[in-house]
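We count ligands from 1, going down the list as the structure has it; atoms in each ligand are counted the same way.
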Amino acid sequence: MTATVVATRPIEGQKPGTSGLRKKTAVFREPGYLENYVQAVIDGVGGVAGREIVVGGDGRFFNDTAIGVILRMLAANGAAKAIVGQGGMLSTPAASNLIRTRRAFGGFVLSASHNPGGEDGDFGLKFNVANGGPAPEPITDAIFARTRTIDAYRIVQDAAPPLSSVGTASLAGLAVEVVDPVADYVAMMERLVDFGRIRALFASGFRLRFDAMNAVTGPYAKAILEDRLGAPRGTVVNAVPLPDFGGGHPDPNPVYAAPLYALMGSGDAPDMGAASDGDGDRNIVLGRSLPVSPSDSLAVLAANLHLAKGYAGGLKGIARSMPTSRAADRVAAKLGVPLYETPTGWKFFGNLLDAGRATICGEESAGTGSDHVREKDGLWAVLVWLDIVAARGLSVADIVRDHWRGFGRDYYTRHDYEAIDTAAGDALMVALREAIPTLPGRGAAGLTVTQADDFAYTDPTDGSVSNRQGVRVMFDNGARAVFRLSGTGTEGATLRVYLETFEPDLARHHLDPQHALAPVIAAADQLAGIAERTGRAGPDVIT
Ligand code: G1P
Ligand code: ZN
């Protein structure tokens, strides 16, 4: 036995309630930090002896080093097999799929999602369980508790095998199987959307620009869109994953994917634009001069999903996170299927998907997915959009406008105040929560509050309750403002303010969202004292 037990001391682990650990890369590189966290995970999930574990990440700086450590620790902890993406690469949805198809015990997913990478950027690590989804709260609680008490980790001294080519090697008794990260994922997509129909769409001259943002989706998008579906070479841009994502934030929002937004607003726009994030679970879809808000995207996908090959049987239900707009609710009502409103974060969808209660889920933060995996899936959403475009013979923008004609338009925006003073962020939320009972009847910026609460969720599958998930304020014109602090930021606090208003009047469907939402934006600022408490004149990011 070559395992070495290394004495160590407790670390600052993950925040309770979050499904993984995200920190500055420098923190993960502190001596013993990664090792302690990995051992806390292994202990928190009840050990890995004899288990098969999937390992892969988004290729950011430190990905390969961290995977080497994880493999050496899996060996020392008696795991039977590690299934690793070639080059250490696996998109988050592909990892979820691999865990499920291989019936693995779980998987280590290395990513800080849309956060920047590099020596000065962010790194992250989470554990997904056998259903392919992020570990549920009892397990993350156990992992967190272990980070507080950990006193030793186990590691073998042998070097981890290279991950550059597909095949199986042995590491001190651990079988290390290096797999093609793309193949299984392509096969799954082929079952869900009609490749023939989308190939015909491209053959007819349809033009797409897919911005992979130098993150993990590049090889997946090239393999499917260009190699299998016949989209012209160059359809996928920034297709090569880079350890620092080319210096950008791999976040497909209007700030960090600005070139794509500019192109789609220009006279030279292709028929459709799309992008995904660092680890490939987020997506954005843009029509000509019409970025599709993620909330609308969820609603449109839900309303048309039966047209996609793998969903011809229809939907069991729709799930959305609470801050996501209510556009999906209108679709669920029309289809006569249940609508589930969950707290922010994908893990709440997992139970609904496992129980067969929902088929499609989505979040306003550019996440959409279905029961095919237990993570959101960026490229899947783009492919389903393409399948719907091909089936309906309408442009992206026309499909969206047709949707608004039928259901009305839910104007939507999210305002983020990033890296604000943590105490100021906490104080704002405390004051807002204390004010909840006094808000109904209060006027602000010409609107009157009708209801206010702090969102609580009871999981219909297991009865577990999650409290304090965000303050919701309803106004007399049907508008809504939601306030919560980010659980994924790595610097100070990030205040998210989610704003929406429903517009049934067709004649007012052409407005700029910031304009249509101006009254509720002003009311939200007044009620929460945002400018005053954060010292910021306006949000840092508007999506
Ligand atoms: C953010 C998004 C949330 C998403 C999460 C993980 O969390 O808002 O919808 O599930 O990233 O991708 P937050 O920073 O708001 O806690
Ligand atoms: Zn992501």
Side-chain angles (χ1 to χ4, degrees), residues 14-22 56-60 90-96 109-117 122-126 128 133-134 140 212-213 215-217 220 241 245 249-253 256-257 275-284 293-295 297-298 319-325 341-350 361-369 373-381 412 414-420 425 429 455 466 468-470 482-498 539-541 543:
Q14 76 202 96
K15 285 181 212 152
T18 51
S19 60
L21 183 62
R22 212 175 278 182
D58 63 9
R60 69 181 59 223
L90 279 177
S91 78
T92 294
S96 181
V109 183
L110 298 84
S111 172
S113 190
H114 50 287
N115 290 13
D122 294 342
F123 193 78
L125 180 59
K126 68 174 177 176
N128 282 20
T140 57
M213 303 192 82
V216 77
T217 322
Y220 295 85
F245 308 114
H249 284 227
D251 186 344
N253 71 23
Y256 301 120
S276 55
D277 73 332
D279 60 328
D281 58 354
R282 294 186 179 201
N283 79 90
I284 187 83
S293 88
S295 293
S297 183
L298 172 65
R320 65 162 171 86
S321 67
M322 180 274 282
T324 302
S325 96
E341 184 178 31
T342 64
T344 297
W346 205 260
K347 64 185 171 186
F348 295 94
F349 295 142
C361 345
E363 294 193 279
E364 50 63 43
S365 53
T368 356
V373 286
R374 294 295 179 271
E375 291 277 4
K376 51 197 177 228
D377 188 344
L379 188 50
W380 168 86
Y412 191 85
R414 185 176 100 185
H415 287 191
D416 291 338
Y417 297 80
E418 293 184 336
I420 58 174
M429 289 306 296
F455 180 60
S466 305
R468 298 165 58 85
Q469 297 297 318
V482 173
F483 304 82
R484 59 179 284 280
L485 294 178
S486 157
T488 63
T490 53
E491 233 183 301
T494 292
L495 172 69
R496 304 206 195 284
V497 187
Y498 310 82
D540 300 281
V541 180
T543 47

*Asks:* Which of the listed options, M322, E364, H114, R282, holds the heavy atom that is closest to atom 1 (C) of ligand 1?
*Replies:*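 Looking at heavy atoms only, the winner is R282.
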*Asks:* Which of the numbered atoms in ligand 1 are below 4.0 angstrom from a heavy atom of G345?
*Replies:*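 Every atom of ligand 1 under 4.0 Å from some heavy atom of G345: 10 (O).
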*Asks:* Do ligand 1 and G487 have nitrogen or oxygen atoms that lie under 3.5 Å from each other?
*Replies:*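 Between G487 and ligand 1, an N or O pair is found under 3.5 Å apart.
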*Asks:* Looking only at N, O or S atoms in D279, which is nearest to the Zn ion (ligand 2)?
*Replies:*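 In D279, the N, O or S atom with the shortest distance to the Zn ion (ligand 2) is OD1.
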*Asks:* Could you walk me through whether V541 and N253 pass the side chain to side chain contact (heavy atoms under 4.5 Å, CB included) test, one step at a time?
*Replies:* CA-CA 9 Å; V541 180; N253 71 23; 3.8 Å; yes
*Asks:* Flag R22 as yes when one of its N or O atoms lies below 3.5 Å from any N or O atom of ligand 1, and as no otherwise.
*Replies:*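 It does not: no N or O of R22 is found under 3.5 Å from an N or O of ligand 1.
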*Asks:* By atom name, which N, O or S atom belonging to D277 lies closest to the Zn ion (ligand 2)?
*Replies:*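 Among the N, O or S atoms of D277, the one closest to the Zn ion (ligand 2) is OD2.
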*Asks:* Charged N to carboxylate O under 4.0 angstrom, E363 versus R320?
*Replies:*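 No, E363 and R320 are not salt-bridged.
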*Asks:* Under 3.5 Å, is there a donor on one side chain and an acceptor on the other for T368 and N283?
*Replies:*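 Judged by distance alone, the side chains do pair up.
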*Asks:* For atom 7 (O) of ligand 1, what is the closest protein heavy atom, and at what distance to 0.1 Å?
*Replies:*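 Atom 7 (O) of ligand 1 sits closest to the protein heavy atom T488 CG2, 3.6 Å.
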*Asks:* Counting N and O atoms only, with roles assigned by atom type, does the side chain of S325 sit under 3.5 Å from a partner on the main chain of S295, one being a donor and the other an acceptor?
*Replies:*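 The answer is no, because no donor-acceptor pair under 3.5 Å joins these two groups.
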*Asks:* At what distance is the nearest protein heavy atom to atom 12 (O) of ligand 1, and which residue and atom is it?
*Replies:*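 Scanning the protein heavy atoms, the shortest distance from atom 12 (O) of ligand 1 goes to K376 NZ, 2.9 Å.
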*Asks:* Within the side chain of R60, is there an N or O that forms a donor-acceptor pair under 3.5 Å with the backbone of S113?
*Replies:*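 Judged by distance alone, yes, a pair lies under 3.5 Å.
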*Asks:* Does the pair E375/K126 count as a salt bridge with the N-to-O cut at 4.0 Å?
*Replies:*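 Judged by the 4.0 Å cut-off on N to carboxylate O distance, E375 and K126 do form a salt bridge.
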*Asks:* Polar-atom distance check: T344 versus ligand 1, any N or O pair below 3.5 Å?
*Replies:*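 T344 vs ligand 1: no N/O contact under 3.5 Å.
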*Asks:* What's the shortest distance from atom 2 (C) of ligand 1 to any protein heavy atom, and which residue and atom give it?
*Replies:*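 Answer for atom 2 (C) of ligand 1: S365 OG, 3.5 Å.
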*Asks:* Using only N, O or S atoms, tell me which atom of D281 is closest to the Zn ion (ligand 2).
*Replies:*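 For D281, the N, O or S atom at the smallest distance from the Zn ion (ligand 2) is OD1.
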*Asks:* Without swapping roles, check the side chain of D58 against the backbone of V216 for a donor-acceptor pair under 3.5 Å.
*Replies:*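 No: the side chain of D58 does not pair with the backbone of V216.
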*Asks:* Side-chain donor-acceptor pair under 3.5 Å between R484 and Y498, yes or no?
*Replies:*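 Their side chains do contain a donor-acceptor pair, which is all the 3.5 Å distance test asks for.
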*Asks:* S91 side chain to A94 main-chain N or O, any donor-acceptor pair under 3.5 Å?
*Replies:*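 Answer holds: yes.
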*Asks:* Flag S111 as yes if one of its N/O/S atoms falls below 2.8 Å of the Zn ion (ligand 2), otherwise no.
*Replies:*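 No N, O or S atom of S111 is closer than 2.8 Å to the Zn ion (ligand 2), so no.
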*Asks:* Tell me: protein heavy atom nearest atom 8 (O) of ligand 1, and distance?
*Replies:*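 Protein heavy atom at minimum distance: R414 NH1, 3.5 Å.
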*Asks:* Without hydrogens or angle criteria, can the side chains of D279 and T92 be said to hold a donor-acceptor pair below 3.5 Å?
*Replies:*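 Present: a donor and an acceptor within the cut-off.
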*Asks:* For ligand 1, which atoms, with element, lie under 4.0 Å from some heavy atom of R496?
*Replies:*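 Near R496, the atoms of ligand 1 are 8 (O), 13 (P), 14 (O), 15 (O).
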*Asks:* I need the atoms of ligand 1 closer than 4.0 Å to a non-hydrogen atom of R484, numbered in the order shown.
*Replies:*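 Listed by number with element: 13 (P), 15 (O), 16 (O).
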*Asks:* Look at atom 4 (C) of ligand 1 and say which protein heavy atom is nearest, naming residue and atom and giving the distance to 0.1 Å.
*Replies:*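 In this structure, atom 4 (C) of ligand 1 has E363 OE1, 3.4 Å as its nearest protein heavy atom.
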